[in-house]
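Single-structure report; data block below.
Count residues from 1 along the sequence.
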Amino acid sequence: MSVSRPGKERFLARNAKEAKNYSLIRKILLSVLVILVILTVIIYIASALYTKFGSFTVTVNKYDATQYSLSLSETPQFDYQISRLNAKTAEDITNISQNDLPDDIDSINGQHNGDDYLAYTFYLKNVGRDTVTFEYNMFITNVKNDVDKAIRIRIYRDGEYTTYARTRSDGTGPEKDCVDFLTERTIVRRQVEDFKPGDVTKFTVVIWLEGDDPDCIDDLIGGSLKTDMNISVIEASLNEAE
């Protein structure tokens, strides 16, 4: 005849319960770990290609001679005539398509950044006494993580625009619908002739990260870009009235 031992049964029952609890805790921890990994991947994807555009600055050269002088303004009325304008930083920019840009992007004065692009509209006026030829030169002053490989810079002048980009990395020529940067750091350098006293020209600069660019890859994460524009009188013609 066998004799039961309650202590041993309780010991075995306790061990079985502990083993069951351990298995449950292990499953819970594994599930939590999987969730954390998924969340990390989601956050990584959500933040992929995020960058920022530093402040965009426009300056005109100052001259002592008043007969050829240029002035800047954020409005066509030129309530304030100054030689330097500055657009604020656009933070947390992710890639978009040029088709995502609003149709009225050239119709708003001053700074009008969107969620994923920098946009700035300003005016240039000849406040001197002579007709001049001026040159505008836009260039990259700082870049991080090669983000300029997928950058698009569109410059409107009096309603007409040109979009600039770095040449294709594979050496096959300009990006679609774009003009190559003039050099690695110089985006464009152009001259405008016959700019008479009192004439006003309008500029809008738009900068975005083009998602359809093959170079728009994860290596650009955390990148940044800063650009400036300088405008200079390079030639003046004495008006007959003078």
Side-chain angles (χ1 to χ4, degrees), residues 53-88 104-113 118-143 148 151-167 174 177-207 225-242:
F53 302 140
S55 59
F56 167 65
T57 303
V58 188
T59 58
V60 292
N61 288 354
K62 293 182 178 180
Y63 298 95
D64 294 332
T66 58
Q67 65 266 28
Y68 46 93
S69 181
L70 302 175
S71 182
L72 296 168
S73 175
E74 289 188 344
T75 64
Q77 294 80 21
F78 277 78
D79 298 325
Y80 302 97
Q81 298 182 20
I82 53 179
S83 61
R84 181 183 178 92
L85 293 171
N86 188 67
K88 296 179 181 178
D104 65 347
I105 202 164
D106 185 39
S107 303
I108 306 170
N109 294 331
Q111 181 162 328
H112 46 101
N113 297 344
L118 182 149
Y120 190 64
T121 298
F122 63 94
Y123 298 82
L124 177 74
K125 184 177 183 178
N126 184 348
V127 294
R129 299 196 302 268
D130 288 349
T131 297
V132 302
T133 296
F134 71 85
E135 179 180 85
Y136 61 93
N137 175 22
M138 187 169 179
F139 48 93
I140 297 171
T141 58
N142 189 27
V143 63
D148 55 322
I151 285 295
R152 296 293 184 271
I153 297 176
R154 179 173 292 178
I155 300 178
Y156 292 78
R157 192 172 74 83
D158 296 332
E160 301 294 326
Y161 72 80
T162 303
T163 305
Y164 300 91
R166 274 183 54 167
T167 192
D177 301 325
C178 294
V179 173
D180 281 345
F181 287 175
L182 189 61
T183 68
E184 184 176 350
R185 287 300 180 97
T186 301
I187 298 158
V188 59
R189 182 184 293 116
R190 281 193 174 179
Q191 295 181 5
V192 178
E193 300 177 345
D194 199 33
F195 197 52
K196 297 179 177 62
D199 282 355
V200 174
T201 190
K202 175 184 177 183
F203 287 93
T204 295
V205 175
V206 186
I207 306 174
L225 181 85
K226 187 181 186 308
T227 59
D228 290 336
M229 180 184 285
N230 182 258
I231 304 174
S232 304
V233 172
I234 62 171
E235 184 178 332
S237 301
L238 185 64
N239 287 335
E240 294 181 1
E242 293 294 316

Taking atom types as modelled and ignoring hydrogens, do the side chains of [X] and [Y] form a donor-acceptor contact shorter than 3.5 angstrom?
| X | Y | answer |
| --- | --- | --- |
| R152 | T163 | no |
| N86 | T57 | yes |
| R154 | T162 | no |

Results of salt bridge (Lys or Arg N to Asp or Glu O under 4.0 Å) for D79 - residues two or more places apart only: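 With sequence neighbours excluded, D79 shows a salt bridge (Lys or Arg N to Asp or Glu O under 4.0 Å) to no residue whatsoever.
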Compare all side-chain heavy atoms of [X] with those of [Y] and state whether any distance is below 4.5 angstrom.
| X | Y | answer |
| --- | --- | --- |
| I151 | I207 | yes |
| L70 | V233 | yes |
| R157 | V192 | yes |
| L124 | V200 | no |
| I140 | D148 | yes |
| T141 | R185 | no |
| V205 | M229 | yes |
| T133 | F195 | no |

Distance-only, no hydrogens or angles: does the [X] side chain make a donor-acceptor pair with backbone N or O of [Y] under 3.5 Å?
| X | Y | value |
| --- | --- | --- |
| D104 | I108 | no |
| N126 | G128 | yes |
| K202 | D106 | yes |
| S232 | I234 | no |
| N137 | N230 | no |
| N142 | K226 | no |

Criterion side chain to side chain contact (heavy atoms under 4.5 Å, CB included) on L118 and V206, from CA distance to verdict: CA-CA 6 Å; L118 182 149; V206 186; over 6 Å; no
First locate atom [atom1] of [X], then atom [atom2] of [Y], and finally report the distance between them rounded to the nearest 0.5 Å.
| X | Y | atom1 | atom2 | value |
| --- | --- | --- | --- | --- |
| T204 | F122 | OG1 | CZ | 8.0 Å |
| K88 | Q111 | NZ | CD | 7.0 Å |
| R189 | T183 | CZ | OG1 | 7.0 Å |
| F203 | L72 | CZ | CG | 9.0 Å |
| I153 | C178 | CD1 | SG | 10.5 Å |

Measure across [X] and [Y] and return the closest heavy-atom pair with its distance rounded to 0.1 Å.
| X | Y | value |
| --- | --- | --- |
| A236 | V132 | CB-CG1, 4.1 Å |
| Y123 | E74 | CE1-O, 3.7 Å |
| T131 | P197 | OG1-CD, 3.6 Å |
| Y164 | I187 | CB-CG2, 3.7 Å |
| N109 | P76 | ND2-CD, 3.7 Å |

When you look at I231 and N61, which way does the side chain to side chain contact (heavy atoms under 4.5 Å, CB included) test go after all the steps? CA-CA 7 Å; I231 304 174; N61 288 354; over 6 Å; no
Is it the case that R166 places NZ or CZ above or below the six-membered ring of F181, under 6.0 angstrom from the centre and within 45 degrees of the axis?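 The answer is no, since R166 fails at least one limit relative to F181.
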Cation over ring face, K125 and F78, 6.0 Å, 45°: yes
Look at the rings of Y161 and Y156 and say which category their plane angle falls in: under 30° parallel, 30 to 60° tilted, over 60° perpendicular.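 Y161 and Y156: tilted rings.
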Assign the ring pair Y120 / F56 to parallel, tilted or perpendicular, where the plane angle (0 to 90°) is split at 30° and 60°. perpendicular
Applying side chain to side chain contact (heavy atoms under 4.5 Å, CB included) to F139 and L182, what does each step give before you reach the verdict? CA-CA 9 Å; F139 48 93; L182 189 61; over 6 Å; no
More than 12 heavy atoms of other groups within 6.0 Å of E160 CD: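 Open.
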